[in-house]
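Just below is one structure, and these are the notes that go with it.
Numbering starts at 1 and runs along the sequence shown. Hydrogens, waters and symmetry mates are skipped; everything else that's a heavy atom, side chains included, is used. Please read these numbers as outputs of a predicted model, since none were measured by experiment.
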Amino acid sequence: MKKMNINKDNLKLLYDNLRKSDKKELDFYIKNKEDFIELCLKNKKNAYFLADDNNNPIAIGGAKKINDSTAQLWLLCTKYAHKNRFYLMKYIFSKIEKFKKEYSILFNYIYLENFDALIWLKKYGFKILDTNDKKFKLFYFKKEEN
C-alpha cells in the first residue's frame, strides 16, 4: 500500500471504483463526480489517498477542520479495499490517533449500510449518539470522555 497524489485523475479513478455503500453515502452529500473532485481537492490539506501496488485506488480519507478543537473524519473506500484491509485499518488508525492529538472532538455521520465503518469506529473508541435518524448514525470521540 502506498500514498498517492490527490489530483483530478486519481480522484476520478477512485470515484469510479467506490464500494456501493460508500457511493450511496456520498450521494447524500454531493450530486456528481465533479462535486466529489472539487470537495476532495478543497479538503486535501488534512487528507490521504491510498493505493495498492498496482496503483488501484484503495481509499481516501481525512479530517475536515470545523474549528480549532473539532474536525469531521471522513473515509471512502473502493472495491480494492477488502484485499488490503489489514494495512488499511492500521494506516487509518494511525491517522485517527494523529487527529485525536490535534482535535478535542472528532465526529462523523455514518450511513447505516456502511457496516465496515460502523465496526471500525466502534473498535477505535468512538461513541454513538442516537439521533433517531433512519439512515445515519453520529459517531464521535471527545477527549474528556475517553
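- Here the rule is salt bridge (Lys or Arg N to Asp or Glu O under 4.0 Å) with Glu113, and of Lys134, Lys24, Lys23 only Lys24 fits it.
- In the displayed structure, Tyr87 atom OH is contacted under 6.0 Å by at most 12 heavy atoms of other residues, nucleotides or ligands.
- Enclosure of atom NZ in Lys33 by more than 12 non-hydrogen atoms of other residues, nucleotides or ligands within 6.0 angstrom is indicated.
- For the pair Asp35/Asn32, a side-chain contact is recorded, criterion being any heavy-atom separation below 4.5 Å from C-beta on.
- Side-chain atoms of Phe136 and Glu25, non-hydrogen and from C-beta on, do get closer than 4.5 Å to each other.
- Residues Leu75 and Tyr48 meet the side-chain proximity criterion, which asks for heavy atoms closer than 4.5 Å.
- With no hydrogens or angles considered, no side-chain donor-acceptor pair links Gln72 and Tyr109 at under 3.5 Å.
- One hydrophobic cluster, built from ILVMFWY side chains closer than 4.5 Å, cannot hold both Ile105 and Ile66; they sit in different ones.
- Contact annotation: the side chain of Leu11 approaches that of Ile60 to within less than 4.5 Å [non-hydrogen atoms, C-beta and beyond].
- For Lys83, there are no side chain to side chain donor-acceptor pair (under 3.5 Å) partners, not counting sequence neighbours.
- No continuous path of hydrophobic side-chain contacts links Leu112 to Phe139 [ILVMFWY only; heavy atoms under 4.5 Å].
- Here Lys79 pairs with Asn17 under the side chain to side chain donor-acceptor pair (under 3.5 Å) rule; sequence neighbours left out.
- Counting only residues at least two apart or on different chains, the side chain to side chain donor-acceptor pair (under 3.5 Å) pairs with a member in residues 53-71 are Lys2-Asn55, Asp52-Asn56, Lys65-Asp68, Asn67-Ser69, Asn67-Thr70.
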